[in-house]
Structure formats: structure tokens, C-alpha cells
Amino acid sequence: MKLIVQGQGRQALLDSLAARSQLTDKAVTQTVERVIADVRQRGDEAVLDYTARFDGASLTADTLRVSQAEIDEAYAALSEDFLRVLRRSAASIRQFHARQVEQSWFAPAGGGMVGQMVLPLESCGVYAPGGTAAYPSTVLMNVIPAKVAGVGRIVMATPPGKDGKANPATLVAAVEAGADEIYKMGGAQAIAALAFGTKTIARVDKITGPGNAYVANAKRQVFGFCGIDSFAGPSEVLVVADDTARADWVAADLLSQAEHDKNAAAILVTTSEPLARAVVAEVEKQLAALPRESIARQAMETNGAAIVASSAREAMDIANRIAPEHLELCVEQPHAYMGLVKHAGAVFMGHFSPEPLGDYYAGPNHTLPTSGTARFFSPLSVQDFTKKTSVIEYDRNGLEGVWRDVAAFARQEGLEAHARSISIRFEGEKT
């Protein structure tokens, strides 16, 4: 973990963070192109071939979809204690997202009305990583807002293990959240199957959920044939701390993201140089006790830093330049800092709101913009699973009062047929 005092090396760190992406490897892009083209041509056969090649699982078209027996087996494999935790978490997530529901609206205009209908998508696909990177929390965060939005058909895809089975916790989370269909397939082939459909799997209107570079690249390539949530990158946390923060707590928060991925970023920005030095030492101490030490250590060495800022405002300026996925305000008065936040996926306020609280339990969605995209992307929400349709209704008197303006505008743009579509209703009247 680098210590950056008085701006030394700060710009180089910011540049390296901005360059992180899962979409820049040309070899990955080309592989994904071939997989997608193959799935579009051969459908189920291609999906099953890639599942055997990449996941080592021998499936058939009949066993691709998770059966009720497999779901029952998954429930039996989970402890009652964890099932209770999962259900409490789901309840918090459901309650939060219920507040996001938008209503259709209509207003008088032109003797009739204008308005907006808010309609749920007919179908969506949720990608859930499998194997050692199985995250049932992510299943809840993707399926529940779709369910709250009223999506008619929710399909989950998750890669199987070599035994041909999906992760039990992933399956149970999908059922508890309300998924309608679950398929054992992963990687670019799963994204292609969801986007274009096969004999076994009907296509969906939108795909959400995180994945590796192949999944992220596949989502980019199918965008336009269907919708996607965003382009996910490596995880990141930025902690803004003052001298009231505890070094061991801050170090633990930084490592909670570093253990995700060797490309994860974990940044401390503080006005206290003693705290920065103490956190650097504490990170090294805590790394040794982590089961995923090698991953977390590489992340901290590559994208870990403790930056000493000259003031609280400078600390927040740095945070806004990075636009982190997770922003922790580990300060005595976090509400005084909240007004300075311009770009962040989620903000965690104070010493007792660590980032994992948002990952698992508080309710707000943990599918967040990464790699600086919080400048223009938002967290996954109910709105991601709805679309809006405009409604326009004028009567004759209403149109009579404005048709000349509309026709003039159309002719200014050189679109005579547009103008005539309006004026033909009032032939014989002067334009």
C-alpha cells in the first residue's frame, strides 16, 4: 500500500485508476465475438459445448434448466441460520426498492392530455457468477428490484461446477428473490443465449448482473439487441477519514474490497498523516490473516494508497475526481461532508456504516457504478427494469391553436411531409 504525502505520486495513481477496465483486452473481445456468433448460429448446442469446455460440466438441453429437485437439494444444503439471514436481507432490499416505484402521470393539455406511462419490462436476464465467486447477495440485488418493478419473466443464468450443479446459495437466493427460470450456464455464452435466445431459452429484453472480463465484454457486444445495466469493472472503495477514525477499522474496510479482485482499488484519503501511516501498517498486519491474502495483497500493492490531504475540502475533491463505487465518510461529522459529495456510487456515513453493511443488509442496491462511471451512472434500481412511454392527446381546438407553429417548425427543418401531416387537418385555412 502506497503512502502519498504532499501530492507526490498522486496524479500517477489517479491516472492508473482511470485506466482500469475489463473491456480493453483485444484477445478477450475477439474470443467473445466468436462465442456470441457461435451461439447465435448453433443455439443450445453451442451453449452446451462451451459449458463442457470452460466449466467442465456435461449437460444436455434437458438438464440445462435447474429442476425443482435441484432447488430442493439446494435448500437442504443450506443451514436454517443462513436462510433466516438471507430472508432478512431480502426483506430490507425489497422494502428499500419498493420506495423507488414510479407512477404513471397525466396532465391536461390541448383539450386532452399529455403524460407518461411507466411500464415494467416483459423479461430480464440476471447473470450470477458461480464457483468460488458465488455471491447470493448479488442475486438478491438484481432479482428483487426486477420483481418489485413488475417484470413478467425473470431469468437467471449461473455457471455450474464440474458436477453439473449450481451453487446452492445462489439457487436459494434466486428462488427467494422471485426468479422464474434458472439456467446452468456462464460466461459469454450465457450472455449470448439470454440476448438472442435458443431453442431452450427464450430471449430477454435486458441483462443485468456482474461478471468477469468475458461477461462484461459480452454485455457490451449484445447491447442494442437488448438492454444492459452498465459495464462493471473491478470493485473499489475510497475512505475519507479524519483523526477520529481508528486505523484498524479503516484498514479492515479497505481490505473488504481488496479481497474481491487483484485489480480492486482501496484508497484512504485523510487529513491526518499519523492516521495514514498507522493504516498502512495495519493493512500489512491484517493481510496476513486473510484467507484471500494473495488476491488482497496484489490489489493493495497495485491500487492501494493512503493519501494525505491538506484539508477536508481537498480530501473530498480527490474523492470526487476518483468517483468511487463505495465512499466511506469515516469522520466525526459525516453530514458536514455529505454536501461536498458529487460523484459516488454509494456513500457510507460515519464510523458505524462500513461498506459490507451495504453489500448485504441495509437495503440500497450494491450493484454500483465502477471505474469512475459514478460521474454519469447510478446504482441499479427499480427504474432499470421499467421503461417509460409518452402519451399525447389533443382535440381539434387544441391542435387548431398550435398547428401553424408546428408546421413552421417542421418546414424550418426541411421536413415538408411533417408540416403537411399537421396542415392537412386544416386545409383551406391560411398558414
Side-chain angles (χ1 to χ4, degrees), residues 20-25 28-37 39-40 47 97 100 119-130 133 135 138-159 174 177 179-183 185-198 201-235 323 325 345 365-388:
R20 293 185 317 144
S21 174
Q22 296 201 89
L23 301 173
T24 56
D25 190 320
V28 172
T29 299
Q30 291 169 357
T31 298
V32 169
E33 286 175 353
R34 290 193 295 269
V35 170
I36 291 175
V39 172
R40 293 189 72 178
V47 172
H97 288 83
Q100 295 178 334
L119 304 170
L121 301 182
E122 288 191 356
S123 62
C124 73
V126 171
Y127 187 85
Y135 301 120
T138 296
V139 176
L140 299 181
M141 294 290 183
N142 281 261
V143 176
I144 287 175
K147 198 72 175 178
V148 170
V151 176
R153 173 175 167 259
I154 303 172
V155 183
M156 190 181 80
T158 188
D180 300 296
E181 303 168 25
I182 308 170
Y183 294 93
M185 57 182 184
Q189 64 271 24
I191 301 301
L194 291 171
F196 299 108
T198 70
I201 306 159
R203 67 181 298 177
V204 299
D205 296 322
K206 188 168 188 174
I207 302 171
T208 71
N212 61 18
Y214 293 91
V215 170
N217 227 299
K219 286 170 68 177
R220 179 174 68 173
Q221 292 187 35
V222 302
F223 178 59
F225 295 97
C226 66
I228 63 170
D229 47 357
S230 62
F231 301 118
S235 188
E325 178 186 14
N365 208 287
H366 80 198
T367 303
L368 302 168
T370 59
S371 303
T373 60
R375 292 177 295 112
F376 47 83
F377 276 140
S378 302
L380 192 72
S381 71
V382 168
Q383 283 72 46
D384 285 291
F385 299 98
T386 63
K387 57 190 178 67
K388 299 174 178 67

Completion exercise
Between Leu140 and Pro145, the two heavy atoms sitting closest are O-CD, 3.8 Å
Completion exercise
When rounded to the nearest 0.5 Å, the distance separating CG of Leu194 from CE of Met185 is 4.0 Å
Handout entry: Any donor-acceptor N/O pair, Arg203 side chain to Cys226 backbone, under 3.5 Å
Key = no
Completion exercise
Minimal heavy-atom distance between Val204 and Ser123, with the atoms involved, is CA-OG, 3.3 Å
Exercise for the section: With the side chain counted from C-beta on, respond yes when Val148 and Phe385 share a heavy-atom pair under 4.5 Å apart, and no when they do not. Expected result: no
Problem - Straight-line distance of Phe225 CZ to Asp205 CG, nearest 0.5 Å - result: 14.5 Å
Problem - Any Val39 side-chain heavy atom under 4.5 Å of Phe196 side chain - result: no
Exercise for the section: Measure the CD-NE2 distance between Glu325 and His366 for me, rounded to the nearest 0.5 Å. Expected result: 9.0 Å
Handout entry: Nearest heavy-atom neighbours spanning Gln189 and Val47
Key = O-CG2, 4.1 Å
Problem - Check: Val139 and Val126 side chains under 4.5 Å, non-hydrogen atoms - result: no
Handout entry: Shortest non-hydrogen contact from Pro159 toward Ala128
Key = CD-O, 3.3 Å
Exercise for the section: For Thr198 and Ala193, indicate whether the former's side chain and the latter's backbone hold a donor-acceptor pair under 3.5 Å. Expected result: no
Handout entry: Side-chain donor or acceptor of Lys206 paired with backbone N/O of Thr386 under 3.5 Å
Key = no
Exercise for the section: Taking the side chain as every heavy atom from C-beta outward, state whether Pro210 and Thr138 have any atom pair closer than 4.5 Å. Expected result: yes
Exercise for the section: Give the minimum heavy-atom separation between Ala177 and Ile144, together with the two atoms involved. Expected result: CB-CG1, 3.7 Å
Practice task
Keeping the roles fixed (side chain from Gln100, backbone from Ala149), state whether a donor-acceptor pair exists under 3.5 Å.
Solution key: no
Exercise for the section: Would you confirm whether Asp384, through its side chain, and Ser381, through its main-chain N or O, come within 3.5 Å as a donor-acceptor pair? Expected result: yes
Exercise for the section: Answer yes or no: is there a side-chain heavy-atom contact under 4.5 Å between Ile154 and Lys147? Expected result: yes
Problem - 4.5 Å side-chain heavy-atom contact, Leu380 and Thr208 - result: yes
Handout entry: Donor-acceptor contact below 3.5 Å, side chain Asn212 vs main chain Gly187
Key = no
Practice task
Report, as yes or no, whether the 6.0 Å neighbourhood of atom CD on Glu33 holds more than 12 heavy atoms from other residues, nucleotides or ligands.
Solution key: yes
Handout entry: Smallest separation among heavy atoms of Lys219 and Asp229, with atom names
Key = NZ-OD1, 2.6 Å
Handout entry: Heavy-atom side-chain contact between Met156 and Asn142 under 4.5 Å
Key = no
Problem - Gln221 vs Ile191 side-chain heavy atoms within contact, under 4.5 Å - result: no
